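Keep in mind the model is a prediction, meaning the values are calculated, not measured.
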Amino acid sequence: SSSSSSSSPLPPRTTTATPPMADRGPAGGASGTSVQGAAEQDSAAGLVPSPETRRETPVPASAVREAKSTSVGVASTVESTIVSETSTKALGTSVKLKETKDGTETPNKEGTKTEKYSGSKEGKSGNSESSIDELSRFISGLSLDGSSSSIESETGFSWDPKCLKHRANYDHFEKPERVTGMLKELKESGLYSRVKVVKGRLASNAELCSEDGGYGPHTREHVKIVDASKDHKYGPPKRSERDPDDETLYNDCYYLDNDYDTYVNGHSSDAARAAVGCVLSLEEQILTGEIRNGFAAVRPPGHHAGCHRHSGFSLYNNVAIAAKHALNKYPEICKKILIVDWDVHHGDGTQEVFLEDPNILFISIHRHERGKFYPGTGKAKEVGKGKGEGYTVNVPLRTAGLGDLHYARVFNEIVIPIAKSFKPDLVLVSAGFDCALGDPIGGMEVTPKGFGQFTRMLMSSAIQSEGRVLIMLEGGYNVRSVAKSAASCIRALLGDRPGKVEKDEEASKASKARKTHIETMFEETIRTVLHVQSKYWPVKCQVRRSGRNRK
């Protein structure tokens with residue numbers, strides 16, 4: 001995590017990186033769980049070299065100490081299996097699952113179906129040539145230009161195969177299956193044929209960079225550092241030092257500077273530009289009226305990337321670039337933009353970019369725990385600076401275990417009233433599904449139905465009369481949770497009703513002491529945010545007590 005980045009040395013230049021990474025959660029917290037075996041899943045999908053051809057490098061001692069202080073630790077040291085304590089009822093099964101170190105999940109009850117979080121068939125190991133061929137055929141069979149989709153649809157969808165080539169060659173949460181799992185879910189559910197597939201492109205320097213006549217949020221030096229990954233300038237040997245045709249060169253990955261959780265390989269620069277390009281292609285069609293709304297299935301994520309820094313798996317800040325692009329290229333259509341970030345981690349990079357901008361209203365709902373949860377920023381009192389004061393709204397949740405009803409209340413009492421008052425011309429959503437039920441990092445319990453409901457709330461004509469909403473993938477590290485949650489958002493964009501969020505039966509069985517603690521912490525957050533924001537927006541400062549109706 002970023003906490004180890006300032007003190008830990010880089011791996012040797014001629015070696016590949018190994019995983020001294022933390023869970024980006026609180027030290028000793030309960031939010032994380034090991035994902036030993038993710039590399040085997042990646043290998044099965046044909047996305048990384050096999051374990052036999054992978055080179056291993058000793059992890060620096062300081063990085064090991066930092067990683068061991070978290071609940072994830074170093075993946076290579078994990079030997080035991082982990083039993084999930086949360087029910088996966090909302091994800092299609094009512095039994096508790098046992099996650100093993102090979103990446104599969106098996107129910108505690110005999111005779112029930114095995115769930116596997118990968119692109120391979122359920123119940124199979126996925127290490128065969130047939131599974132690799134199956135995934136290749138599946139990806140190649142998906143349209144990238146709308147030729148096999150509902151081109152009359154008002155909902156756009158964009159992804160790019162280049163984004164799948166950005167990958168680590170070791171166990172890492174941010175992996176290609178986050179997108180391929182979503183694509184498979186959309187194809188099997190029929191949603192892929194209902195959207196207009198919009199072809200992406202590679203973002204230009206002008207769209208990324210704020211210098212040399214550009215209007216992007218990043219500095220020239222930041223873009224150069226990311227581009228240098230093509231030649232492995234800061235990591236494994238350069239192309240000139242090895243056989244130019246050796247593809248394994250591009251499979252080598254390393255960390256940027258001293259950041260021990262943001263990796264790159266030879267494909268990462270194009271992957272990051274393609275991610276931005278998909279978002280901008282959708283945005284352009286939304287603003288010109290070709291489509292009404294859209295979803296960008298892109299990676300690497302972006303909301304931690306600041307003006308001159310990469311961080312937290314993020315290379316370029318996709319949502320910030322999209323906002324800058326809209327304001328500069330479509331000034332007559334788009335004058336004010338609302339950015340809603342529901343990723344479990346604070347969008348510190350996005351806040352940094354727009355801290356003094358009154359044309360961008362940034363609202364972030366994130367787990368904070370008084371600064372103990374990564375990245376530690378996003379206090380309620382952080383409201384912007386200068387002309388931008390009051391245009392940053394942080395909802396720093398003080399505890400894990402919050403679900404649909406809690407998030408719905410944040411939307412109803414904070415997000416929606418402020419958004420209605422702001423009246424944006426475009427709504428951008430940093431959709432991190434690491435606050436979803438079952439995520440190994442987030443520790444939250446939002447269900448796919450909940451994400452669908454939040455999407456419908458943001459589509460309200462009372463917020464944006466034209467219904468211009470663009471959602472882009474940020475975090476989310478349980479492949480199945482990401483797939484189901486994204487599908488629910490897309491159904492909402494298409495106009496399907498996700499249904500009302502209801503009280504979770506499993507959560508109601510939690511101990512009285514734990515429920516009291518969660519509700520107390522949540523009430524304090526709501527009370528604090530309403531008090532701070534009442535200075536800038538017409539929000540009501542009264543707080544509903546647990547078990548009582550608001551008057």
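Between the side chains of E389 and Y536, at least one donor N or O lies within less than 3.5 Å of an accepting N or O. Looking at Q351 and T392, their side chains never bring a donor and an acceptor atom within 3.5 Å of each other. With hydrogens and angles left out, the side-chain atoms of T447 and D404 include a donor and acceptor closer than 3.5 Å. Between the side chains of D348 and H304, at least one donor N or O sits under 3.5 Å from an acceptor N or O. With 3.5 Å as the limit, one finds a donor-acceptor pair spanning the side chains of H346 and N394.
Panel note: side chain D160, backbone G200; no donor-acceptor pair is recorded below 3.5 Å. Between the D425 side chain and the K335 main chain, a donor and an acceptor come within less than 3.5 Å of each other. Under a 3.5 Å cut-off, the side chain of S158 and the backbone N or O of V198 do form a donor-acceptor pair. A donor-acceptor contact shorter than 3.5 Å links the side chain of S534 to the backbone of H531. Checking side-chain atoms of R299 against main-chain N and O of A271 turns up no donor-acceptor pair under 3.5 Å. Remark: side-chain polar atoms of R468 are not paired, donor with acceptor, to backbone N or O of G289 under 3.5 angstrom. S485 places no side-chain N or O within donor-acceptor distance of the main-chain N or O of V482, the cut-off being under 3.5 Å. No donor-acceptor distance shorter than 3.5 angstrom exists from the side chain of R167 to the backbone of K175, with no hydrogens or angles considered. T525 places a side-chain N or O within donor-acceptor distance of the main-chain N or O of M521, the cut-off being under 3.5 Å. Side-chain atoms of N317 never come within 3.5 Å of backbone atoms of G306 as a donor-acceptor pair (strictly under, hydrogens ignored).
In summary, K540 and E413 do not engage in a salt bridge, as defined by a charged side-chain N under 4.0 Å from a carboxylate O. Between R201 and E284, at least one side-chain N (NZ, or NE/NH1/NH2) sits under 4.0 Å from a carboxylate O, which counts as a salt bridge.
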(request) Check step by step if side-chain contact (heavy atoms from CB on, under 4.5 Å) holds for C307 and V353. (result) CA-CA 6 Å; C307 298; V353 173; 3.9 Å; yes
(request) List the steps and the verdict of ring-ring contact (aromatic ring centres under 6.0 Å, His included) for H172 and F313. (result) CA-CA 10 Å; H172 199 288; F313 310 164; 4.8 Å; yes
(message) Between W537 and Y391, does the ring-ring contact (aromatic ring centres under 6.0 Å, His included) criterion hold? Intermediate values first, please.
(response) CA-CA 10 Å; W537 304 100; Y391 292 92; 5.8 Å; yes
(message) salt bridge (Lys or Arg N to Asp or Glu O under 4.0 Å) for R527 and E523? Distances and angles first, verdict last.
(response) CA-CA 6 Å; R527 185 184 301 114; E523 291 290 347; 5.1 Å; no
(message) The test is side-chain contact (heavy atoms from CB on, under 4.5 Å); show your working for Y192 and V197 and say whether it passes.
(response) CA-CA 8 Å; Y192 200 83; V197 180; 3.8 Å; yes
(request) Apply side-chain contact (heavy atoms from CB on, under 4.5 Å) to the pair M457 and N412, showing each step before the final yes or no. (result) CA-CA 9 Å; M457 291 181 184; N412 284 322; 3.9 Å; yes
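To the nearest 0.5 Å, atoms CD1 (I286) and CZ (R292) are separated by 10.5 Å. For the atom pair SG of C435 and CD1 of I441, the computed distance is 12.5 Å after rounding to the nearest 0.5 Å. Here the straight-line distance linking atom NZ of K336 with atom CD of Q464 works out to 10.5 Å at 0.5 Å rounding.
The heavy-atom pair separating L470 from F295 by the smallest distance is CD1-N, 4.3 Å. Closest approach of G216 and S210 over heavy atoms only: O-CB, 3.0 Å. In terms of heavy atoms, Y407 sits closest to I365 at CE2-CG2, 3.8 Å. Nearest heavy-atom pair, G378 versus P396, reported as atom, atom and distance to 0.1 Å: O-CB, 3.4 Å. The heavy-atom pair separating P300 from N318 by the smallest distance is O-ND2, 3.4 Å. For the residue pair L458 and V415, the shortest heavy atom distance occurs at CD2-CG1, 4.2 Å.
If you run ring-ring contact (aromatic ring centres under 6.0 Å, His included) between H406 and each of W342, F522, F454, only F522 comes through.
A parallel orientation is assigned to the rings of H218 and H222, their planes being inclined by less than 30° (bins at 30° and 60°). The aromatic rings of Y374 and H345 stand perpendicular to each other, their planes meeting at an angle above 60°, with 30° marking the opposite boundary.
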